[in-house]
Amino acid sequence: MKIMLVGNGGREHALAWKLSQSPILREMILAPGSDAMAVYGRCVAVAADDVAGLVQLAALEQPDLVVIGPEVALAAGLVDQLAELEILAFGPSAAAAKLEASKAFTKDFCQRHNIPTARSKTVATDMAAHAYLETLPGPYVLKADGLAAGKGVVITDELAAAKQAASDMLGGQFGAASAKLVIEEFLSGEEASLFVLCDGTSAVPLVGAQDHKRAFDDDQGPNTGGMGCYSPAPVLDALMTAKVMDEIITPTLRGMKQEGAPFVGVLYAGLMIDQTGPKLIEYNVRFGDPEAQVLMRRLQSDLLPVLLACANGSLADVPALHWDERPAACVVMATKGYPGKVEKGSKISGLERAAATSNVEIFHAGTKQDETGQWLANGGRVLNISAMGDDLAEAVNHCYAAVDLIDWPEGFCRRDIGRRALTN
Ligand SMILES: Nc1ncnc2c1ncn2[C@@H]1O[C@H](COP(=O)(O)OP(=O)(O)O)[C@@H](O)[C@H]1O
Ligand SMILES: [Mg+2]
């Protein structure tokens, strides 16, 4: 098979690494891919959000399957346009991608289909926002309706600050993405993510994962795209996973189909779990980054036929997936200053030595190579150090042993990945 993989981050590096092991893979095209991903196939310089460019490339290359990593092109209708060319894609249509692209849509959808989630109201004016905030006890949770690259949620204890945040967002802080806001009740409990492969009708849950969103140790500092993660998530045991499937995922797939937008691709459910059961925090319509990295480490089955089955509606015929029982962990190394503005181009040495340590795979999230072969940092999140272990502590230790072999003075990472699960 010939596949085209869209994206260039650590998530896509992990997907490429896994897909490259498939005995049925003949050729991989990476759009745009990265210097580190070039070992898996041919990189073509088309940006991951350039829908017209991606469609043109697919029309030219005629891949048997397009696998799409990031969400922007999905929401912009890449899969719909590929379908017009009769090219199969692993990913949702624009209509189904609304589950991520509009939090207001998802809230209404949950209400229509009786899916447990925080009580909320969607507002479009300061007056409505302030009036609803006054009815809530706090902490206050405000969310931009549209895609905001993980920066569109404000949580605050102070009513005045919540009102100010609502006014800022409605005033255009995130452009059209915050023309509407979802204001919702604060949920407490333990947060975890479940990833589910879908073909429009059937669903196959993958294993759970938990991530670390804050930039610094002990969950200090600003929110980021994710500084590390581990799998399994102790809170998502088999029983809880079955409950999430029954109460959240199955009604979602049924509802989307009923509403004429069957969901194909990976449904990533952000969950808050307490004694009353799981509640949906949000949906994403693609793999998490860095969660994909640990899922790919643990998956033993061939990924390619499963993604193909999602795309062509035959997921029910796919044999059960096999997973490595051992936990996996991933530590994200970022350029100092992330998630703020960072300098690109600092030198990273010792990667070969680090990658050679027991059990370690290094996925590149944002690097490039200069003419001499020297690796350089090329963004905020730069490296994903992943490892397996007989237990989570061992997996994490392997990760940090590799981190310590990397010579990159301009980089940093959290030193407490997995600690939450280890101290429970
Ligand atoms: N209702 C809520 N109660 C408590 N925490 C929440 C709630 N909604 C979101 N959060 C926290 O905010 C984070 C970001 O919210 P989320 O809806 O996942 O938006 P996004 O990922 O698009 O920024 C979540 O991972 C969770 O930690
Ligand atoms: Mg989220």
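We count residues from 1, following the sequence as given. Counting starts at 1 for both ligands and their atoms, in listed order.
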Exercise. Under 3.5 Å, is there a donor-acceptor pair between the Thr224 and His212 side chains?
Worked result: no
For this session: Pull out every atom of ligand 1 sitting under 4.0 Å from any heavy atom of Ile155, numbered as shown with elements.
Result: 5 (N), 6 (C), 10 (N), 11 (C), 12 (O)
Seminar exercise, completed: Within 4.0 Å of some non-hydrogen atom of Glu184, the atoms of ligand 1 are 1 (N), 2 (C), 7 (C), 8 (N)
Problem set entry | For Asp219, the option from Lys213, Arg214, Arg414 that meets side-chain hydrogen bond (donor to acceptor under 3.5 Å, both in side chains) | Arg414
Problem set entry | Per atom 25 (O) of ligand 1, closest listed option by heavy atom (Glu71, Glu100, Glu191) | Glu191
Problem set entry | Flag side-chain contact, heavy atom, 4.5 Å: Trp408 against Val382 | yes
Exercise. Side-chain contact, heavy-atom cut-off 4.5 Å: Tyr268 with Val285?
Worked result: no
Exercise. Is atom 13 (C) of ligand 1 in close reach of the protein, with a heavy atom under 4.0 Å away?
Worked result: no
Problem set entry | Close approach, Glu185 and ligand 1, non-hydrogen under 4.0 angstrom | yes
For this session: Quick one: sort the His13 and Phe363 rings into parallel, tilted or perpendicular, breaks at 30° and 60°.
Result: perpendicular
Exercise. Leu295 and side chain to side chain contact (heavy atoms under 4.5 Å, CB included): which partner among Cys330, Ser231, Ser193?
Worked result: Ser231
For this session: Among all protein heavy atoms, pick out the one at the shortest distance from atom 17 (O) of ligand 1; state its residue, atom name and that distance to 0.1 Å.
Result: Lys143 NZ, 2.7 Å
Problem set entry | Test of proximity, Leu187 against ligand 1: N or O pairs below 3.5 Å | yes
Problem set entry | Sub-2.8 Å protein N, O or S atoms surrounding the Mg ion (ligand 2) | Glu282 OE2
